[in-house]
Amino acid sequence: AAKGNGRGRFRFYSSDLHQAAEDRRALEEDLRDALVRGEMELTYQPVVQAKTNLVTGVEALIRWTHPERGVISPSVFVPIAEEANLIWPLGEWVLRKACQDAARWPGDLRVAVNVSPIQFANEDLPKVVASALGAAGLSPDRLELEITESVFLSDSAETARMFKALKDIGVRLALDDFGTGYSSLGYLQSAPFDKIKIDQSFVRGATVEGSRNAAIIAAIVALAEALDMETTAEGIESHDQLDLIRNLHVSHVQGYIYSKPVGNEELVDHAEAGSWMIKPSGPAKQRND
Ligand code: C2E
Ligand code: MG
Ligand code: MG
Ligand code: MG
């Protein structure tokens with residue numbers, strides 16, 4: 001226990017940190033074999049057009065089922081993969097699998113794939129994207145790459161070249177977690193985004209018209225519209241949030257109120273019925289429809 005003099009306390013924290021480091025090393029080791037052992041899976045969360053409730057695409061979200069620890073969140077293992085040089089093979093697997101799956105879906109649903117800044121900094125990324133599309137026979141405009149603002153912290157000439165190479169392939173680009181990074185807005189002048197994803201942290205508090213979060217969302221929507229970009233609000237859980245976000249003219253919505261991420265088979269079952277429309281669910285509220 002952390003009792004007694006400073007030295008004892010230091011030892012306590014030190015062994016705590018030691019334990020955390022050990023834990024991380026163990027996870028890193030397991031992560032090395034996770035792909036070949038078939039422990040990785042892609043799930044897909046519907047992205048819904050706000051006006052119509054029609055599903056226009058899905059976001060691919062990776063899941064790792066660890067043999068002993070069960071399902072581990074990507075917010076835990078993706079950063080480890082990034083630091084341990086494992087994000088490249090993992091990211092390539094995600095791209096190839098997402099394209100393969102999407103090519104077999106009924107209709108023309110888009111698939112959005114999260115791309116780590118470390119993948120984005122690798123000059124081979126366009127080659128891998130083109131190869132994944134080609135191997136799957138997927139039209140480039142059905143693939144959307146989600147990138148965060150942090151890519152703008154590195155060399156701007158290289159970043160611009162990467163954007164051009166990806167746009168030349170014909171894929172769509174989305175700016176993920178908008179408003180949470182440390183970049184200036186200046187990059188929006190030249191970056192060819194098709195969509196801005198409004199971070200959940202703004203959506204969470206956006207239940208009251210006139211609230212500060214509502215004002216921020218309205219400003220993001222105005223910015224996106226002026227730059228001819230679509231918007232997606234992430235992480236919508238309640239009817240209050242959904243109503244407000246619709247009133248703010250956000251074009252697309254995503255969140256548990258519509259659907260959690262689902263497996264590929266479940267997605268296909270839903271999409272086979274024709275145009276895939278989902279009604280918002282969740283805590284009951286007096287509604288007329
Ligand atoms: P993200 O790209 O911003 O993805 C949105 C996250 O919000 C997902 O978490 C999703 O499951 C979750 N979410 C969706 N709707 C709701 C909601 O209504 N309420 C709440 N509370 N959460 C909601 P997830 O799947 O745990 O992924 C976390 C992050 O991990 C992602 O954030 C993304 O940055 C990263 N990630 C996931 N899959 C991949 C991948 O294949 N490659 C890379 N590089 N990163 C990935
Ligand atoms: Mg994302
Ligand atoms: Mg996000
Ligand atoms: Mg995120």
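Indexing begins at 1, ligand by ligand and atom by atom, following the structure's order. Please read all numbers here as calculations on a predicted model, not as lab measurements.
Considering backbone and side-chain N/O of Arg204, none are found under 3.5 Å from N/O of ligand 1. Here's the thing with Gln254: none of its N/O atoms is less than 3.5 angstrom from an N/O atom of ligand 1. Ligand 1 has an N or O atom lying under 3.5 Å from an N or O atom of Ile62, backbone or side chain.
Phe152 and Phe163 have their aromatic ring centers within a separation under 6.0 angstrom. Between Phe202 and Phe178, the ring centre distance reaches or exceeds 6.0 Å.
Annotation for ligand 1: atoms under 4.0 Å from non-hydrogen atoms of Ile236 are 18 (O). Near Gln45, with a cut-off below 4.0 Å to any heavy atom, the atoms of ligand 1 are 14 (C), 15 (N). Within the listing of ligand 1, atoms 11 (O), 24 (P), 25 (O) sit less than 4.0 angstrom from a heavy atom of Arg63. Residue Ser116 approaches ligand 1 through these ligand atoms, each under 4.0 Å from one of its heavy atoms: 44 (N). With ligand atoms numbered from 1 in the order given, ligand 1 contributes 41 (O) to contacts under 4.0 Å with heavy atoms of Val94. Those atoms of ligand 1 with a heavy atom of Asp176 less than 4.0 angstrom away are 1 (P), 2 (O), 3 (O).
Contacts between Lys197 and ligand 1, counted as non-hydrogen atom pairs separated by less than 4.0 Å, are absent for every part of the residue.
Annotation: side chain of Met162 is in contact with side chain of Pro126 (closest heavy-atom distance under 4.5 Å). Inter-residue side-chain proximity for Tyr187 and Val151 is flagged as unmet; no heavy-atom pair is nearer than 4.5 Å. Looking at heavy atoms from C-beta onward, Leu42 lies out of side-chain contact with Asn264 at the 4.5 angstrom threshold.
Put simply, Ile196 and Leu185 are part of the same group of oily side chains (I, L, V, M, F, W, Y) that touch within less than 4.5 Å, one to the next.
Our summary of the site lists the angle at the Mg ion (ligand 2) between OE1 of Glu146 and OD1 of Asn114 as 90°, to the nearest 10 degrees. Glu234 contributes OE2 and Asp176 contributes OD1; the angle these two atoms make at the Mg ion (ligand 3) is 90°, rounded to 10°.
Using 4.0 Å as the threshold, Lys260 has no heavy atom nearer than that to any atom of ligand 1. Distances from ligand 1 to the non-hydrogen atoms of Glu234 include at least one value under 4.0 Å.
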CA sep, side-chain torsions, deciding dist, call: Glu82, Ser116, side chain to side chain donor-acceptor pair (under 3.5 Å): CA-CA 8 Å; Glu82 287 175 334; Ser116 155; 2.8 Å; yes
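Take the N/O/S atoms of Asp177: the one nearest the Mg ion (ligand 3) is OD1.
Annotation: side chain to side chain donor-acceptor pair (under 3.5 Å) contacts involving residues 210-228, sequence neighbours excluded, are absent.
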